[in-house]
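When reading the values below, keep in mind they use all heavy atoms of this one structure, side chains included, and skip hydrogens, waters and symmetry mates.
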Amino acid sequence: MVAKINIGTNLYGALSYNQEKVDKGLGKILGANLVFEPADGNFNVPECLHDFMQFVPSHFRTEKPVFHVSLNPHPDDRLTDEQLTNIGFEYMEQLGYGNQPFLIFKHEDIGREHLHIVSLRVNSNGKKIDSYKEHERSKAITEEIEKKYNLHPAQEQSRAEDWELNAVNVLGGDLKHQIAKVIKPLASMYHFQSMGEYKAVLSLYNIHVEEVKGEAKGKPYRGLIYFAMDREGNKIGNPLKSSIFGKSVGYDELEKRMKKSTERIKTKKLKSHTL
């Protein structure tokens, strides 16, 4: 099981990203801790955001208060929703988030099931949750979970490196390379039904994308430009045309992928009705 932890400032963005998966039939809520969980499995982002923020004081010093982790079992692992829910709660408890508000989502947008968990890194007293050696502790927890549930070890996942998507750090230099390391694997593994959904997930990695339209040599064209963003969501650096990253992250290829994703969802819903 591969765990990928992201920290940030945009709680609304993290919740919206997961809500879109639920709304599109590519995910559902499995569990909640200290946050209202609707009986019908749907939720309203503003109301949910309000639930989260009621937990913390109005002022705190932690610059990045949002915790967002994905837990990715091996493609051959077969787990029930109950097992996935238990894994989510066990992981959060052992990492030190057992008394924090969080929501556990199951996603099926890459052809297999995995979890996304959204929480806060600030407790009710305004103190930051201990993050000392968080990644090392996370790895130890997932290894323990693998043994408990008889899962494939993370090192057996041939594409595990594809999950190591790191948010762009504007102070880290070579923004073009940082952006490429996110958008290329992300565009190949995830399913999107709209440009808005694509933008939402990119924002989690401090990347902004804009559509451009125009005319060249008498012919209309459509394109995309990518920007790095700082932790406040401001665009940083020069715009980067999608063409410098390859066709897979350009407008035309992403549009094709969106159409295929829509067809896949329709097929999935049809099958669900015929069971």
Hey, what do you get for CG (Asn72) to NE2 (His107), rounding to the nearest 0.5 Å?
10.5 Å
More than 12 heavy atoms from other groups under 6.0 Å of CG on Asp76
yes
Within 6.0 angstrom of Glu255 CD, more than 12 heavy atoms from elsewhere:
yes
Rounded to the nearest 0.5 angstrom, the CD1-CD distance for Ile141 and Glu134 is 9.0 Å
Is it true that a side-chain atom of Thr62 and a backbone atom of Pro65 form a donor plus acceptor pair closer than 3.5 Å?
no
Would you confirm whether Asn33, through its side chain, and Gly98, through its main-chain N or O, come within 3.5 Å as a donor-acceptor pair?
yes
Could you go through residues 115-127 and list every donor-acceptor pair under 3.5 Å that involves a side-chain atom there, pairing it with any protein atom two or more places apart or in another chain?
residue	atom	partner	partner atom	Å
His116	ND1	His68	NE2	3.0
Ser119	OG	Pro101	O	2.7
Arg121	NH1	Lys64	O	2.5
Asn123	OD1	Asn125	N	2.9
Asn123	OD1	Gly126	N	3.1
Asn123	OD1	Lys127	N	2.9

Using 0.5 Å steps for rounding, measure from the NZ atom of Lys181 to the OH atom of Tyr205.
13.0 Å
Validation row: Arg137, Leu95 side chains within 4.5 angstrom (heavy atoms):
yes
Check this for me: Asn99, atom CG, are more than 12 non-hydrogen atoms of other residues, nucleotides or ligands nearer than 6.0 Å?
no
Quick one: does Leu202's side chain get under 4.5 Å of Ile183's, heavy atoms only?
yes
Considering all heavy atoms, the nearest Glu20-Ala200 contact
OE2-CB, 4.0 Å
Might you work through the side chain to side chain contact (heavy atoms under 4.5 Å, CB included) test for Phe55 and Val35, ending with a clear yes or no?
CA-CA 9 Å; Phe55 182 84; Val35 181; over 6 Å; no
Please report the interatomic distance CG(Asp230) to CD1(Ile236), rounded to the nearest 0.5 Å.
4.5 Å
Counting distance only, does the side-chain N/O of Gln178 pair as donor-acceptor with the main-chain N or O of Asn169 below 3.5 Å?
yes
Check: Ser194 side chain, Glu197 main-chain N or O, donor-acceptor pair, under 3.5 Å:
yes
Using the ring pair (Phe, Tyr, Trp, His ring centres under 6.0 Å) criterion, which residues pair with Phe102? Sequence neighbours excluded.
Phe89
Donor-acceptor contact below 3.5 Å, side chain Thr85 vs main chain Asp81
yes
His152 and His74 aromatic ring geometry - parallel, tilted or perpendicular at 30°/60° bounds
parallel
Ion pair Glu253/Lys247, N-O distance below 4.0 Å:
no
Strictly distance-based, threshold 3.5 Å: is any side-chain N or O of Tyr226 a donor or acceptor partner for the main-chain N or O of Val249?
yes
From Ile7 CD1 over to Glu63 CD, what is the distance, rounded to the nearest 0.5 angstrom?
10.0 Å
Under the 3.5 angstrom rule, does the side chain of Asn206 hit a backbone N or O of Ala167 as a donor-acceptor pair?
no
Take atom CD in Glu136; do more than 12 heavy atoms of anything else shown fall under 6.0 Å from it?
yes
When you compare the side chain of Phe227 with that of Leu175, does any pair of heavy atoms fall below 4.5 Å?
no
Counting N and O atoms only, with roles assigned by atom type, does the side chain of Glu211 sit under 3.5 Å from a partner on the main chain of Arg222, one being a donor and the other an acceptor?
no
Rounded distance (nearest 0.5 Å) linking atom OH of Tyr149 with atom CD of Gln83:
7.0 Å
Any ion pair linking Glu143 and Lys147 (charged N to carboxylate O, less than 4.0 Å)?
no
So do Leu224 and Leu254 actually touch side chain to side chain, heavy atoms under 4.5 Å?
yes
